Student: 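Quick one: this structure, given as structure tokens, is what I'll be asking you about.
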Amino acid sequence: FMLPIAIGTAIVLAFVVTQLVRLQGAIPAALRYALKHKELFLVYQPVVDLRSGTWVGVEALLRWQKSSGEFVSPDIFIPVAERYHLIEQVTEQVIALVEADAAELLRAYPDFHVALNLSAQDFCNPAISERLRAAAAKMRVHPRCLHVEATERVFLHAEQTRKAVETLRMQGHSVSIDDFGTGYSSLSYLTELELDCLKIDKCFVGTIGQQAVTSHVIAHIIEMAKSLGLQMIAEGIETQEQADYLRAHGVQFGQGWLYAKPMGMAQLAQELARQRQPEAG
Ligand code: C2E
Ligand code: MG
Ligand code: MG
Ligand code: MG
């Protein structure tokens, strides 16, 4: 009587495997289509000065909406792009989108910045720093208006990354380490790379106010960033309690739904114009 069970299991397994293979093949093909047919666009999430509440810049976050209307999350398609050697094209589109979207805004507010997420592979591309220099030149803004975010995966290519970071910073760009504490962290790499800013991942921000052991970790991350002379941006701030804790512990900047969700450039420009309007009377 084991035979029917074995056959049944084999059929189910075969089905699951073919479905997985089909999906894996489908995403890179759809992404190639998306790159060609301009299905990718950027939204911008404000970075807030936690003391004054002022918006000091934005992070550009990539969105993919298929012609069917369906959205695909960057947490899904960025790793696929990295695996199928499409990331160079994705990053090129991100830079081109920033050039088109943000030039006017950055010329109007030269103290404002746009931060771009680069993949670990982008830091191995010897042309990346020149590409960003060219972007700033084309937009007619100072390179300091364009920030760069790198995840800890860049530590896998330590030597190439060190060179790229050095050149980017020499050009005037600010470089942050993103999602700190969630990946291939190595304290020795962190001291070797000359960085400007550390982004505290939202998983640590989420522990603020909780009794869990992990809630102590964020205090150590903050102390370490301070001792390395790094600025800090806390990600994923959703409650006033989190904001108060971060401010009290000397974290200068934050992002999160408590302040603002990612938005289109038109809305951002409108909001900024309203905020920066000189007080009447
Ligand atoms: P990330 O760079 O760490 O971006 C922060 C993520 O947290 C964003 O998700 C943002 O929408 C989300 N977020 C912001 N505030 C809150 C909050 O208060 N609560 C919660 N729960 N989430 C919040 P998103 O846009 O889905 O992006 C996910 C990741 O995809 C990014 O993480 C980044 O690693 C990657 N990514 C996005 N755009 C690009 C891009 O242009 N290039 C590359 N290489 N990666 C990108
Ligand atoms: Mg980021
Ligand atoms: Mg992050
Ligand atoms: Mg992330």
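As the structure is a computational prediction, the values presented were derived from the model and not from experiment. All ligand and atom numbering here is 1-based and tracks the order in the structure.
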Student: What I want to find out is whether Lys226 reaches Glu223 closely enough, with some N-O distance under 4.0 Å, to be called a salt bridge.
Tutor: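 Glu223 and Lys226: salt-bridged.
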Student: Checking one value in my table: which N/O/S atom of Asp179 lies closest to the Mg ion (ligand 3)?
Tutor: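 That would be atom OD1.
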Student: When you check the gap from the basic side-chain N to the acidic O, do Glu92 and Arg131 get nearer than 4.0 Å?
Tutor: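 Salt bridge: yes.
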Student: Name the residue from Gln231, His147, His173, Arg169 that meets the side chain to side chain contact (heavy atoms under 4.5 Å, CB included) definition with Asp196.
Tutor: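 Answer to the side chain to side chain contact (heavy atoms under 4.5 Å, CB included) test with Asp196 among Gln231, His147, His173, Arg169: Arg169.
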Student: Glu235: which N/O/S atom is nearest the Mg ion (ligand 3)?
Tutor: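 The nearest such atom is OE2.
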Student: Can you tell me if Asn117 has an N, O or S atom under 2.8 Å away from the Mg ion (ligand 2)?
Tutor: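 True for Asn117.
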Student: Under 6.0 Å from the six-membered ring centre of Phe71 and within 45° of its axis: does the NZ or CZ of Arg63 meet both?
Tutor: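 No, a cation-pi geometry is absent between Arg63 and Phe71.
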Student: Looking only at distances, please establish whether an N/O atom of ligand 1 is found under 3.5 Å from an N/O atom of Gln255.
Tutor: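 N/O-N/O distance below 3.5 Å does not exist for this pair.
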Student: May I ask you to identify, for Ile78, whether its side chain, its backbone, both or neither come under 4.0 Å of ligand 1 on a heavy-atom basis?
Tutor: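 Near ligand 1, Ile78 shows its side chain, while the N, CA, C and O stay back.
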Student: Given Asn117, Thr239, Val94, which has its nearest heavy atom closest to atom 45 (N) of ligand 1?
Tutor: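 Comparing heavy atoms across Asn117, Thr239, Val94, the nearest one to atom 45 (N) of ligand 1 lies in Asn117.
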Student: Side chain or backbone, does Ser119 bring an N or O within less than 3.5 Å of an N or O on ligand 1?
Tutor: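 Indeed, backbone or side chain, Ser119 has an N or O that close.
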Student: Could you tell me whether Arg63 approaches ligand 1 through its side chain, its backbone, both or neither, with non-hydrogen atoms closer than 4.0 Å?
Tutor: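 The side chain, only.
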Student: Do Ile233 and Tyr259 share a hydrophobic cluster (ILVMFWY, side-chain heavy atoms under 4.5 Å, transitive)?
Tutor: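 No; tracing contacts between hydrophobic side chains, which count when under 4.5 Å, never links both residues.
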Student: So is Glu59 in contact with ligand 1, going by heavy-atom distances below 4.0 Å?
Tutor: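 It does, in that a heavy atom of Glu59 comes within the 4.0 Å cut-off of ligand 1.
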Student: What I want to know is whether Ser73 and ligand 1 share at least one N or O pair that is separated by under 3.5 angstrom.
Tutor: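 No; the residue has no nitrogen or oxygen that sits under 3.5 Å from a nitrogen or oxygen of the ligand.
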Student: For ligand 1, does Val90 get within less than 4.0 Å through its side chain, its backbone, both, or neither, judged by non-hydrogen atoms?
Tutor: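 Neither; nothing of Val90 gets under 4.0 Å from ligand 1.
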Student: Answer yes or no: is there an ion pair linking Glu159 with Arg162, defined by an N-O contact shorter than 4.0 Å?
Tutor: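 Answer for the salt bridge query: yes.
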Student: Look at Lys66 together with Glu39 and state whether they make a salt bridge at an N to O cut-off of under 4.0 Å.
Tutor: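 Glu39 and Lys66: not salt-bridged.
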Student: Would you indicate which of Trp64, Phe77, Trp257 comes nearest to atom 13 (N) of ligand 1 when only heavy atoms are counted?
Tutor: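 The residue whose heavy atom sits nearest atom 13 (N) of ligand 1 is Trp257.
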Student: Is the contact between Leu61 and ligand 1 made by the side chain, the backbone, both, or neither, using heavy atoms and a 4.0 Å cut-off?
Tutor: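 Both backbone and side chain.
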Student: Should the ring pair Trp64 and Phe77 be called parallel, tilted or perpendicular, given that the plane angle runs from 0 to 90° and is split at 30 and 60?
Tutor: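 Answer is perpendicular, since the angle exceeds 60°.
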Student: Could you tell me whether any N, O or S atom belonging to Glu149 is less than 2.8 Å from the Mg ion (ligand 3)?
Tutor: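 No, since none of the N, O or S atoms of Glu149 sits under 2.8 Å from the Mg ion (ligand 3).
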Student: Just jot down the ligand 1 atoms closer than 4.0 angstrom to any heavy atom of Asp179, in number order.
Tutor: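 That gives atoms 3 (O) of ligand 1.
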Student: Given Glu152, which partner from the list Asp178, Thr182, Asp179 fulfils the side chain to side chain contact (heavy atoms under 4.5 Å, CB included) test?
Tutor: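 Going through the options one by one, the only one that passes is Thr182.
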Student: Out of the N/O/S atoms in Asp178, what is the name of the one closest to the Mg ion (ligand 3)?
Tutor: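 Nearest N/O/S atom: OD1.
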Student: Please examine the side chains of Glu88 and Gln121, heavy atoms only from C-beta on, and report whether any two atoms are closer than 4.5 Å.
Tutor: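 With C-beta onward as the side chain, the pair stays apart.
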Student: What atoms of ligand 1 come closer than 4.0 angstrom to any heavy atom of Gly256?
Tutor: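 Atoms satisfying the 4.0 Å criterion: 15 (N), 18 (O).
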Student: With only distance considered, is Leu62 within less than 3.5 Å of ligand 1 through an N or O on each side?
Tutor: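 For ligand 1, there is an N or O atom that lies under 3.5 Å from one belonging to Leu62.
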Student: Could you check whether atom CD of Gln65 has more than 12 heavy atoms from other residues, nucleotides or ligands sitting under 6.0 Å from it?
Tutor: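 It does: Gln65 CD has more than 12 such atoms within range.
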Student: Only heavy atoms count here, so choose which of Glu149, Gln45, Glu235, Lys202 is nearest to atom 7 (O) of ligand 1.
Tutor: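 Among Glu149, Gln45, Glu235, Lys202, the closest heavy atom to atom 7 (O) of ligand 1 belongs to Lys202.
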Student: Would you mind listing which atoms of ligand 1 come within a distance below 4.0 Å of any non-hydrogen atom of Asp75?
Tutor: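 In order of numbering, the contacting atoms are 28 (C), 29 (C), 30 (O).
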Student: When you measure from the Mg ion (ligand 2) to the N, O or S atoms of Glu59, does any of those distances fall below 2.8 Å?
Tutor: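 A backbone or side-chain N, O or S atom of Glu59 is under 2.8 Å from the Mg ion (ligand 2).
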Student: What do the steps show when you test Met263 against Val43 for side chain to side chain contact (heavy atoms under 4.5 Å, CB included), and what is the final call?
Tutor: CA-CA 5 Å; Met263 62 189 83; Val43 288; 6.0 Å; no
Student: Any donor-acceptor pair under 3.5 Å linking the side-chain atoms of Glu82 with those of Ser119?
Tutor: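 There is such a pair (donor and acceptor under 3.5 Å, judged by atom type) between the side chains of Ser119 and Glu82.
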